[in-house]
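The structure appears below as structure tokens.
The basis for the numbers below is simple: all heavy atoms, side chains too, and nothing from hydrogens, waters or symmetry mates. One-based numbering along the sequence shown. One-based numbering, in listed order, for ligands and for the atoms of each. Predicted model only: the values in this text are computed from it and were never measured.
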Amino acid sequence: MPKALTEAQIEAYHRNGAIWPIPMLSAAEAAECLRRFDELEASLDGEVQGRYRIKAHLPFPWLTDLIHHPALLDAMEDLMGPNIVIWGSSFFTKPAHDPRFVSWHQDSTYYGLEPPESVTAWLAFSPSTGDAGCLKIIPGSHKGEAILPHLETDDPNNILSRGQTIENVDESVAVEMPLEPGQFSIHHNKTIHGSLPNKSDTPRIGFAIHFATPEIRQTQFEGATASLVRGEDTHGHWLPDSVAKHDMDPDCLEELDFCWQRYRNAMKSQAAKAD
Ligand SMILES: O=C(O)CCC(=O)C(=O)O
């Protein structure tokens with residue numbers, strides 16, 4: 001018996017490679033997340049999403065609590081089974097009237113996981129509507145190849161760090177995944193997805209949480225870390241993530257920078273191999 005999802009949602013996830021919306025936070029809780037996000041961004045020189053990618057939760061107890069939220073983990077357990085690790089989390093943000101977009105891509109291309117069965121939950125801190133450039137998917141695309149050819153582009157408006165783009169996607173079948181603040185969507189790492197510019201008057205702030213099961217391992221480098229959030233680590237492929245003692249814990253910040261750099265290096269060497 002599923003813990004959070006309906007049988008119809010589980011079937012839709014397996015058919016389409018994504019489901020939405022799933023409730024997680026109340027409107028007040030989502031507003032508090034947005035307030036903390038704004039506070040963090042105001043304290044930085046650049047955008048939160050510049051540095052807080054791949055292990056964004058590490059230096060923040062409040063984000064670490066968020067990735068352990070029972071409503072999130074119950075839904076993930078319905079799809080992934082009882083043993084679950086979270087190996088990463090990333091902010092994807094677009095201020096109001098932001099012309100930037102995320103090109104069509106598969107996460108499996110650059111995560112380096114084997115088997116390529118990672119799953120992302122994308123939690124909205126603010127309204128993520130069609131107008132605001134919500135996530136869009138190509139339903140069923142997760143059933144194809146794990147790594148489709150991706151062109152590296154240098155469009156400054158592409159939020160992806162290397163502008164990875166799948167060409168000739170049939171956009172006529174794309175489906176938007178709108179969310180209210182506090183709701184999340186789930187997509188498989190082979191599902192082709194992307195998003196358009198934010199044409200709305202409000203920022204579109206998303207926090208993406210990256211899940212795996214213990215048998216999945218990182219192939220691009222040694223010593224990958226993750227947090228065991230449900231059940232048992234049956235394979236020992238992941239070293240434990242550090243746990244922040246307070247916001248901006250310097251040890252965790254160092255680990256975040258190290259991990260993000262390691263993923264970026266892996267992406268670079270993958271691109272070099274493809275050339
Ligand atoms: O937030 C976006 O527009 C893109 C997010 C994304 O690519 C992801 O969560 O994998």
Check for a donor-acceptor pair, side chain of Ser118 on one end and backbone N or O of Ala212 on the other, with a separation under 3.5 Å. no

Taking all atoms of both residues into account, what is the closest heavy-atom pair of Glu29 and Met24, and its distance?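 Shortest heavy-atom separation between Glu29 and Met24 comes out as OE1-O, 4.4 Å.
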
Is it true that Tyr263 and Gln218 share a donor-acceptor pair across their side chains at a distance under 3.5 Å? yes

Is the ring centre of Phe37 less than 6.0 Å from the ring centre of Phe207? no

Would you say the ring centroid of Tyr111 lies under 6.0 angstrom from that of Trp87? yes

Pairs of nitrogen or oxygen atoms, one from ligand 1 and one from the protein, closer than 3.5 Å: please tabulate them with distances.
from, atom 1, to, atom 2, distance (Å)
ligand 1, 1 (O), Trp122, NE1, 2.9
ligand 1, 1 (O), Arg204, NH1, 3.4
ligand 1, 1 (O), Arg204, NH2, 2.8
ligand 1, 3 (O), Ser195, OG, 2.6
ligand 1, 3 (O), Arg204, NH1, 2.9
ligand 1, 3 (O), Arg204, NH2, 3.4
ligand 1, 7 (O), His105, NE2, 3.2
ligand 1, 7 (O), His193, NE2, 3.1
ligand 1, 10 (O), Asp107, OD1, 3.2
ligand 1, 10 (O), Asp107, OD2, 3.2
ligand 1, 10 (O), His187, NE2, 3.3
ligand 1, 10 (O), His193, NE2, 3.0

Within a reach of under 6.0 Å around CG of Asp170, are more than 12 heavy atoms found that belong to other residues, nucleotides or ligands?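 Yes, enclosed.
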
